[in-house]
Amino acid sequence: MSSQFNVPSTIVTGAGALRELAPQLRRRDLDRVLLVTDRFMVGSGLVPRIVAELSAAGIFTEVFDDVQPDPSVDNVLAGLARLRAARSQAVVALGGGSPIDCAKVIAVSSTNRGPMEQFMGRDKVPNAGLPLIAIPTTAGTGSEVTKVAVITDTRRDVKMMMLDSHLLPAVALVDFELTLSMPPALTAAVGVDTLTHGIEAYVSKLATPLTDPLALSCIRLVGENLECAWREPGNRAAREGMMLAATQGGMAFANSSVALVHGMSRPIGALFHVPHGVSNAMLLPTVTRFSVPGALGRYATVARTLGWSPGVESDEAAAMTLVDGLDALNARLQIPALRAYPKIEEGKFRASLAKMAADALASGSPQNNPVVPTLDQIVGLYLQAW
Ligand SMILES: NC(=O)c1ccc[n+]([C@@H]2O[C@H](COP(=O)([O-])OP(=O)(O)OC[C@H]3O[C@@H](n4cnc5c(N)ncnc54)[C@H](O)[C@@H]3O)[C@@H](O)[C@H]2O)c1
Ligand SMILES: [Fe+2]
């Protein structure tokens with residue numbers, strides 16, 4: 001079976017990659033840009049610095065900083081209005097996955113008619129968007145290199161997953177120095193999201209010979225660097241390792257797929273506003289235990305790649321070491337269980353199980369899992385993870 005592999009045509013990595021922004025815009029003759037970001041990035045001083053640098057290069061920047069975590073349809077519409085009013089020729093995204101995803105959908109909404117709900121699913125974006133340059137500040141979603149965007153439809157409480165090569169940034173500037181300011185809780189959440197990308201890309205039914213090495217490198221780098229970055233936020237080597245892991249994880253999962261963890265995680269985010277990485281982490285051990293029989297050798301390889309299982313252990317033992325290790329990792333990173341998370345009220349959680357399971361299946365992600373669950377099994381997994 002053939003498979004397609006899409007990544008941005010230019011990816012600049014390493015300390016100081018951000019300095020490439022003006023030159024990359026200039027070489028494309030783009031001198032009016034919409035900068036899509038959030039309030040934190042403005043408050044941190046980074047946005048004013050970027051605006052000044054672009055201005056010195058003769059580029060006019062309109063700043064749209066109204067993106068919320070888990071961006072909504074309304075965030076995209078507000079950004080689109082600003083883009084049109086400012087007659088921007090290109091979009092620059094600065095921030096975590098939320099500003100980057102919002103910017104992707106602003107860029108394609110400017111060149112496609114109709115409601116953005118039509119973009120939900122695979123290959124549903126008819127026309128290419130305005131050029132997009134993505135600059136991640138978390139490590140992370142990998143959104144800077146993916147053809148994926150997740151936008152929340154607040155009317156239906158659904159996180160809409162859109163996957164189309166028209167959503168790809170033209171350029172990704174991957175500068176780990178921008179992640180040095182992440183506090184430990186954020187480092188943990190986005191770091192386990194990265195790990196989940198690596199694992200799901202590797203065990204997915206859609207894994208390919210091009211995605212496997214990226215997924216395994218992502219997993220190895222997380223094993224080597226996540227806890228150090230969490231303990232020592234200023235550790236440059238650990239931050240660089242996690243940034244690389246996030247970008248490789250993004251390249252891997254967007255061209256393979258995510259699977260059951262992400263499928264079940266999005267409904268929790270949509271209903272209870274749990275950060276994406278945290279809801280992944282809450283589900284990862286339980287879903288891994290369920291999925292091991294479908295890809296035993298691959299899960300064993302994940303355990304060995306993380307450095308958790310010695311090579312002499314059998315595949316069965318290594319896979320069990322992985323499940324236990326994922327539980328222990330959550331505990332060490334102080335990521336709470338579902339039942340201990342203040343925003344998740346037990347009555348509402350139980351009452352929402354059928355909707356969450358149906359929305360998980362409707363996203364298509366569980367169908368790529370090594371073991372494809374029924375609706376009832378998904379309900380059972382939510383209860384086990386509780
Ligand atoms: N498109 C994709 O490929 C993809 C993949 C995975 C997840 N996602 C989506 O990405 C979103 C989550 O993105 P995220 O986890 O990066 O978080 P985020 O963008 O929602 O940011 C979370 C918080 O961290 C802050 N922050 C960002 N960078 C910081 C820094 N350097 N220092 C301190 N604070 C910082 C933000 O201001 C915000 O308050 C979700 O909507 C998720 O569904 C997308
Ligand atoms: Fe994710």
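Numbering of ligands and ligand atoms starts at 1, following listing order.
- The shortest separation from a heavy atom of Ala254 to ligand 1 is not under 4.0 Å, leaving the residue out of contact.
- Here's the thing with His197: none of its N/O atoms is less than 3.5 angstrom from an N/O atom of ligand 1.
- Annotation: atom 25 (C) of ligand 1 to nearest protein heavy atom, Leu186 CD2, 4.0 Å.
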For Arg266 and Asp70, run salt bridge (Lys or Arg N to Asp or Glu O under 4.0 Å): C-alpha distance rounded to whole Å, both residues' side-chain angles, the deciding distance at 0.1 Å, then the answer.
CA-CA 10 Å; Arg266 284 183 220 106; Asp70 295 331; over 6 Å; no
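- Checking only distances, Phe40 never comes within under 3.5 Å of ligand 1, N or O to N or O.
- Of the protein's heavy atoms, Met41 CE, 3.6 Å lies nearest to atom 29 (C) of ligand 1.
- When Leu94, Thr141, Leu46 are ranked by how near their heavy atoms come to atom 6 (C) of ligand 1, first place goes to Thr141.
- Under a 4.0 angstrom heavy-atom cut-off, Arg39 registers as lying outside contact with ligand 1.
- Under a hydrophobic-cluster definition in which Ile, Leu, Val, Met, Phe, Trp and Tyr are linked whenever side-chain heavy atoms come within less than 4.5 Å, directly or via other members, Leu83 and Leu54 are assigned to different clusters.
- A donor-acceptor contact under 3.5 angstrom links the side chains of Arg239 and Thr187, judged on distance only.
- In terms of protein heavy-atom proximity, atom 38 (C) of ligand 1 is nearest to Asp38 OD2, 4.0 Å.
- In terms of protein heavy-atom proximity, atom 20 (O) of ligand 1 is nearest to Ser98 OG, 2.6 Å.
- Any N or O atom pair closer than 3.5 Å counts here, and His262 shares no such pair with ligand 1.
- For atom 13 (O) of ligand 1, the closest non-hydrogen atom of the protein is Gly97 N, 3.1 Å.
- Using a 4.0 Å cutoff on heavy atoms, Lys159 counts as a contact of ligand 1.
- Here the heavy atom of the protein found nearest to atom 30 (C) of ligand 1 is Ser181 OG, 3.4 Å.
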Test Ser265 against Ser279 for side chain to side chain donor-acceptor pair (under 3.5 Å), laying out the working first.
CA-CA 5 Å; Ser265 169; Ser279 53; 2.8 Å; yes
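- With 3.5 Å as the limit, one finds no donor-acceptor pair spanning the side chains of Lys205 and Ser257.
- Atoms of ligand 1 lying under 4.0 Å from any heavy atom of Pro99, numbered from 1 in the order shown and given with element: 19 (O).
- Of the protein's non-hydrogen atoms, the one nearest atom 44 (C) of ligand 1 is Asp101 OD2, 3.1 Å.
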Test side chain to side chain donor-acceptor pair (under 3.5 Å) on Ser217 and Gln248 and set out the steps.
CA-CA 7 Å; Ser217 175; Gln248 292 186 332; 2.5 Å; yes
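- The protein atom (non-hydrogen) at minimum distance from atom 40 (C) of ligand 1 is Asp70 OD1, 3.1 Å.
- Below 3.5 Å of separation, one finds no N or O of Phe253 facing any N or O of ligand 1.
- Both the backbone and the side chain of Met182 come within 4.0 Å of ligand 1, judged by heavy-atom distances.
- On a distance-only criterion, Thr179 and ligand 1 share no N/O pair closer than 3.5 Å.
- Closer than 2.8 Å to the Fe ion (ligand 2) sit the protein N, O or S atoms Asp193 OD1, His197 NE2, His262 NE2, His276 NE2.
- Under a 4.0 Å criterion applied to the non-hydrogen atoms of Leu178, ligand 1 contributes the atoms 31 (N).
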